[in-house]
Every structure is written in structure tokens, then in C-alpha cells.
Amino acid sequence: MSTPPPIVKNGATQEEDAAARSSVDQAPPPLSRSVGAGMLWMLITTGVGRVASVIAQYFLAYLLVQSEWGIAAIGISVAALLQTVRDGGCRRLLIQRGIDEYDELAGPTFWMATAFNISICVILIILAPLIATMYQQPILLEMLTVSAITIPLSTPGLMLLAKCNIDLNFRPVAKTESVAQIIRHGGVVLFALFEFGPMSFVAPLPFVAIYQSAAAYYYTRQRPWERPARINTWTRMFATTKWITLGTFATSAYNLGPMAFTGLIVPEAILGVYFFAYQLTKQIINLLMMNLQNVMVPALTRLKNEPKRRRAASIRSIRLLTFLSAPASFGLAAIMAPLIETLWSNHRWSAAIVPGVILSVFLPLNVLNAVPRSVLQAVGRFSLWSKLLLLDAVGVIIAAVLGAYFLENAVGIALFVGIYTGVASITFSAIALRVIGVSLGALLRNIATPLALGAALSAISIAIDLVALEHASPRARLVIIGGFFAAAYTLIVRAAFHDDLEGIVNALPRQLRGPLSRLLRIRQDSATTPLLAVEQLDSLNDV
């Protein structure tokens with residue numbers, strides 16, 4: 001049995017040691033299949049969650065008015081700013097250190113996360129009355145209290161499922177999270193039916209946390225609470241996890257900070273329209289971005305001593321992800337009007353159409369950030385990762401506030417946020433990717449084509465809808481526009497970008513690769529996939 005290479009710490013390279021042992025070390029197994037299978041399971045998980053979320057949003061749009069959506073946006077946003085620093089970064093640290101250090105870190109990280117989460121719970125409960133008074137919404141006191149209680153309840157589930165991520169065993173994670181999403185979104189609708197109002201959004205959270213912890217223990221049978229806490233190591237761990245915590249906080253601030261701050265400027269009804277459009281469009285972000293990060297971080301961590309494979313994996317993942325996200329987001333922009341008019345015929349949410357189109361147009365660039373962020377976590381550059389995230393969060397909050405202040409409507413908020421997203425996504429991605437030697441030119445070359453194609457087809461689709469289908473029913477427009485966009489994108493990619501389509505299909509798990517290859521007449525590569533293959537490095541336009 002070969003001896004695993006030592007852990008790389010503080011950015012120090014171990015290439016010399018790895019070379020010295022190359023004669024006895026076994027070649028690392030290809031990670032393409034693990035990443036592909038992981039992506040499949042995580043896509044299934046988020047697919048279940050997104051379907052449940054869309055169904056819940058459909059009913060909530062009828063059960064709650066715009067102002068109640070606005071109040072919910074404030075409560076969720078404020079609570080999330082503290083919830084996302086739960087576990088103090090211990091879970092991400094555990095995953096980043098990998099299997100070699102799991103036994104040593106399992107106990108200390110669990111107890112440090114527990115202490116951190118209890119502290120956050122107490123802080124949020126203390127702040128709840130002040131926040132409710134500041135927004136002049138008494139119901140925020142109850143919403144924030146329930147959210148606070150959820151934080152310590154979630155600790156066992158989060159830390160136990162980290163072991164599955166480390167082992168690249170994503171099936172238990174997928175099963176647990178799928179059921180949790182159903183409980184959460186089903187509970188939201190149930191509480192809304194019983195007229196809980198904005199409280200419906202947070203009331204199911206304690207039940208979700210309890211289920212996740214029970215399911216995680218069932219799948220892992222790990223008992224980190226029986227391991228020593230080793231409090232004397234917490235200070236050393238916090239030197240790393242403080243950056244993880246800051247980065248996680250910044251991610252939450254980016255996603256929900258605009259709602260928390262614009263709620264102090266515009267009426268709840270306007271905020272409710274923007275929140276509704278954001279909830280509808282963010283489904284694609286969660287489906288692609290979050291799952292890729294969950295799979296890529298532990299996978300890239302195993303390539304810490306193989307910079308060429310890691311660089312090839314990163315740039316190929318960016319190209320693959322852009323070819324996937326461009327049609328999804330630009331297609332959503334194309335069908336936004338008939339979709340909303342079909343699902344909610346009472347015209348209550350017609351004001352969300354334009355904000356939804358704007359947010360959808362900029363989604364591909366937002367999704368693009370998944371790979372660079374995964375790269376920084378995998379190489380242990382948590383300081384740079386957190387600083388970039390924090391700058392990004394501050395930027396998007398400022399953009400949202402400016403849009404609310406100057407235009408005073410949901411369209412203004414979406415427009416300022418969208419423009420900022422386009423500029424910032426490219427800038428921060430380029431900075432992060434330079435860490436592993438990927439240039440700005442290589443980044444732009446690998447994303448320009450799918451973005452241009454998606455934008456052009458989206459514009460044509462919207463023009464057809466406005467000019468040729470103005471007298472058609474919303475359902476007919478939805479079918480015609482959606483069908484046109486999907487068929488046109490697929491045919492153009494199949495004809496003009498065959499190699500990229502082949503790479504995308506071959507990077508998928510076997511269960512999907514076979515049927516899609518036959519449907520699209522794509523040659524299958526049974527030996528490997530280009531996603532993580534060093535051999536493909538030369539085809540990446542001089543990365």
C-alpha cells in the first residue's frame with residue numbers, strides 16, 4: 001500500500017516529495033467519475049428542492065400578499081446573516097483537510113461548531129427585539145427567535161454529513177437533503193394555509209434541522225460528540241476557520257443582504273416584488289452553482305499535488321458550467337412573461353416580470369463564480385476567498401441600495417444588481433483563477449461563446465413573443481417560446497460546437513451519458529472524461 005503524500009499547508013509545495021515517491025506511489029484514480037456521480041446526486045437533490053420550492057412559491061403567491069413577502073424577505077435575510085456563520089467554518093475546514101486528518105479533527109471541530117452555534121443563537125435572540133423595532137414589524141421578533149433556535153439544532157447534521165462529502169459519497173447527502181427540502185417547503189405551504197403569514201417561511205426550520213441530524217447519524221453512524229473536544233486546539237483552528245466564517249457570512253450577505261438593506265428604503269410591497277422575482281430566478285443558481293461547489297471542493301482537494309490536473313479540471317468545469325447555465329438562465333429570461341402569466345393569472349405578480357428577466361440575464365455570470373470559489377477553498381486560500389466574497393457582498397448591497405434609492409422600484413433594484421453582477425463576476429473570477437495559473441484571456445475565451453449564443457437566442461425569443469404572439473394565450477406562448485429556444489440552442493451547439501457537447505455528455509455519469517449520447521449522436525469515451533483529464537490541457541486555448 002502506498003503512503004499518502006503529506007498535507008500541503010500554508011501554500012507550501014510538496015512537488016519534490018511527490019516526485020521522490022513516484023516510483024512507489026500508485027497513480028491517483030481518475031476523479032471524473034466521482035465528480036460526475038456526485039454532480040448527478042447533488043443535481044437530483046437540488047432538483048427535488050427546486051421543484052418543491054417552485055410548488056411552494058406557486059401556492060404562496062396566492063396565499064400571501066406582496067407586503068407579506070416583503071416582511072418575509074426582511075426576516076429571512078436578517079436571520080441568514082447570522083445563520084450562515086454557524087459552525088464557525090468547522091465543516092468546511094473538515095472537508096478541506098480531507099480523510100487524512102478526519103480522525104484527528106472530528107471531535108474538536110464538532111465541539112467547536114456546537115459552541116459557536118449556541119453563541120450565535122443567543123446573540124440572535126438578544127438582537128431580535130431591536131431588529132423588530134427598527135423595521136417596525138413586531139412579527140420579526142417571532143421569526144428571528146425561531147430561526148435562532150434552529151441554529152444549534154442543525155449542528156449534528158451539518159458535521160456528520162461532512163464525512164460523506166470527504167469520502168465523495170454523495171448519495172446519503174442527496175437523500176437527506178431531498179427529504180429535508182420537501183419537509184421545509186411543504187411545511188411553509190402548510191403553515192401559510194393556517195394563516196401564519198410571513199412566519200410560514202421560518203416555522204418549519206426546527207423540524208428540518210431535527211430530521212437532518214437524525215438522518216445524518218443513520219447514514220454515517222459517526223459519534224464525534226464522544227471524541228475529545230481538545231479545546232486547546234480551537235485557537236489554532238480558528239486561525240483558518242475565521243476566514244471560512246467570514247467567507248460564508250459574505251455569501252449570505254451577497255444573496256440576502258440587498259433585501260435586508262433595501263427594506264429600510266422601499267415599502268414592503270416593492271421589496272416583496274423583488275424578493276418574488278429573486279426567488280424565482282435563483283432556482284438555477286442553486287441547481288448548478290451550489291452543487292458544483294459541494295462536489296468540486298473535495299475533488300480538487302485530492303489534486304492538491306497535481307497542479308496541471310487541477311488547472312485542467314477547473315477550466316474545463318468553467319466551460320462545461322457555462323454551456324449548461326447559459327441556456328438555463330437565458331431561456332428563463334425568454335419565457336419569464338408567459339411563465340408568470342400562466343402560473344399566476346390574477347396579475348398580482350406581473351410587476352415581477354421585468355425584474356425577473358433582468359436577474360435571469362445576468363445569472364450565467366453569477367453561476368460562473370462556483371468554480372473559482374471552489375478552487376480557492378480546495379487549495380486552502382481561505383483568506384483570499386473570504387476577502388473576495390466580502391467585497392462582492394458589499395458591492396451588491398451598495399448596488400441594490402442605489403437602485404432602490406434612485407428608481408424606488410423593483411426594476412431599479414434588479415437593474416443595478418444585475419449590472420454590478422456582470423462586472424464583478426468576471427473581475428473576481430479572474431483574480432481567483434490566477435492562483436492556479438488561469439489567465440483572464442483563457443477565462444473569457446471559454447465563456448464568451450455560450451454566453452453570446454444564449455443572449456442572442458433569448459433576445460430573438462422575446463422579440464417573437466412581443467411581435468408575433470401578442471394575441472396568443474400565455475400557455476401557448478410558453479410552449480412556443482420555450483420550445484423554440486431549447487431546440488435552437490441544442491441544434492446550434494450540436495452543429496457548431498460538437499466537441500464541447502461531447503465533452504459535456506462524456507463528463508456526465510454513465511446513467512445519463514448513454515441515453516444522451518444516443519439521442520444527440522455523440523461518441524462516448526468509455527475510458528475517461530475530459531473534465532479532469534490532463535490530456536485535455538492543450539485544448540483549452542493556451543490556459
Side-chain angles (χ1 to χ4, degrees), residues 57-58 60-78 80 134-137 140 197-198 201 253-285 329-330 332-363 365-366 392-425 455 458-459 462 465-466 474:
Q57 185 166 355
Y58 172 78
L60 291 173
Y62 286 106
L63 295 172
L64 303 177
V65 298
Q66 293 176 352
S67 59
E68 289 177 312
W69 274 80
I71 296 172
I74 296 171
I76 294 172
S77 303
V78 172
M134 182 173 64
Y135 284 96
Q136 299 180 353
Q137 294 292 343
L140 289 177
F201 283 88
Y254 180 92
N255 291 327
L256 297 172
M259 265 77 75
F261 284 89
T262 54
L264 296 170
I265 300 175
V266 297
E268 286 82 3
I270 291 177
L271 179 60
V273 170
Y274 176 79
F275 182 52
F276 182 88
Y278 175 80
Q279 285 287 102
L280 193 61
T281 57
K282 81 166 188 175
Q283 313 302 334
I284 296 176
I285 298 179
S329 54
F330 283 115
L332 180 60
I335 66 171
M336 183 64 66
L339 176 65
I340 290 181
E341 293 170 5
T342 298
L343 294 178
W344 299 285
S345 56
N346 58 7
H347 301 292
R348 177 188 293 175
W349 298 104
S350 296
I353 292 176
V354 177
V357 170
I358 294 172
L359 292 174
S360 297
V361 164
F362 290 98
L363 276 179
L365 293 175
N366 202 332
D392 205 10
V394 172
V396 77
I397 291 173
I398 292 175
V401 169
L402 291 176
Y405 180 79
F406 287 109
L407 298 184
E408 300 180 348
N409 55 38
V411 174
I413 300 173
L415 182 61
F416 274 67
V417 168
I419 293 174
Y420 168 80
T421 298
V423 176
S425 295
S458 182
I462 293 175
D465 185 29
L466 294 175

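For this chain, numbers begin at 1 and follow the sequence in order.
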(message) If you define the side chain from C-beta out and look only at heavy atoms, does anything of Gln57 sit under 4.5 Å from Leu280?
(response) yes
(message) Is there a side-chain contact (heavy atoms from CB on, under 4.5 Å) between Tyr274 and Val266? Walk through the geometry before answering.
(response) CA-CA 11 Å; Tyr274 176 79; Val266 297; over 6 Å; no
(message) Using side-chain heavy atoms (C-beta onward) and a distance below 4.5 Å, is Leu407 in contact with Phe416?
(response) yes
(request) Taking all non-hydrogen atoms of both residues into account, name the closest pair between Pro338 and Asp465 and its distance. (result) CD-OD2, 3.8 Å
(message) Can you classify the ring geometry of Tyr58 versus Tyr62 as parallel (below 30°), tilted (30 to 60°) or perpendicular (above 60°)?
(response) perpendicular
(message) Under the criterion side-chain contact (heavy atoms from CB on, under 4.5 Å), I'd like the reasoning laid out for Leu402 against Tyr420: C-alpha separation, chi angles, the key distance, then a yes or no.
(response) CA-CA 11 Å; Leu402 291 176; Tyr420 168 80; over 6 Å; no
(request) Identify the two heavy atoms, one from Thr281 and one from Gly356, that lie closest to each other, and give their separation to 0.1 Å. (result) CG2-O, 3.5 Å
(message) Please report the interatomic distance CD1(Ile76) to CD(Gln279), rounded to the nearest 0.5 Å.
(response) 6.5 Å
(message) Using the side chain to side chain donor-acceptor pair (under 3.5 Å) criterion, which residues pair with Asn409? Sequence neighbours excluded.
(response) none
(request) Determine the minimum heavy-atom distance between Ile462 and Val357, stating which atoms define it. (result) CD1-CG1, 4.5 Å
(message) Tell me the closest heavy-atom pair linking Gly418 and Phe362, and the distance in Å.
(response) O-CD2, 3.0 Å
(message) Please check: side-chain N/O of Trp349 versus main-chain N/O of Trp344, any donor-acceptor pairing under 3.5 Å?
(response) no
(request) Could you tell me the separation between the CD1 atom of Ile71 and the CZ atom of Phe275, rounded to the nearest 0.5 Å? (result) 12.0 Å
(message) For the CD1 atom of Ile74 and the CG atom of Leu264, what is their distance to the nearest 0.5 Å?
(response) 7.0 Å
(message) Atom OH of residue position Tyr135 - does it have more than 12 heavy atoms of other residues, nucleotides or ligands inside 6.0 Å?
(response) yes
(request) For residues Ala253 and Pro258, report the shortest heavy-atom separation together with the two atoms involved. (result) O-CD, 3.5 Å
(request) State, yes or no, whether a side-chain contact exists between Ile413 and Pro355 at a heavy-atom distance under 4.5 Å. (result) no
(request) May I ask you to test the Leu359-Thr421 pair for a side-chain heavy-atom distance under 4.5 Å? (result) no
(message) Nearest 0.5 Å, please: how far is OG1 in Thr262 from CG in Leu271?
(response) 4.5 Å
(message) Could you check whether any side-chain heavy atom of Leu140 comes within less than 4.5 Å of a side-chain heavy atom of Met134, counting everything from C-beta outward?
(response) no
(request) Would you name the heavy atoms of Asp392 and Ala424 that are closest together and state the gap between them? (result) OD1-CB, 3.6 Å
(request) Step through the shown structure and confirm whether more than 12 heavy atoms of other residues, nucleotides or ligands are within 6.0 Å of OH on Tyr405. (result) no
(message) Show me the pairs that pass side chain to side chain donor-acceptor pair (under 3.5 Å) and involve residues 65-78, at least two apart or across chains.
(response) none
(request) Check step by step if side-chain contact (heavy atoms from CB on, under 4.5 Å) holds for Tyr278 and Val417. (result) CA-CA 11 Å; Tyr278 175 80; Val417 168; over 6 Å; no
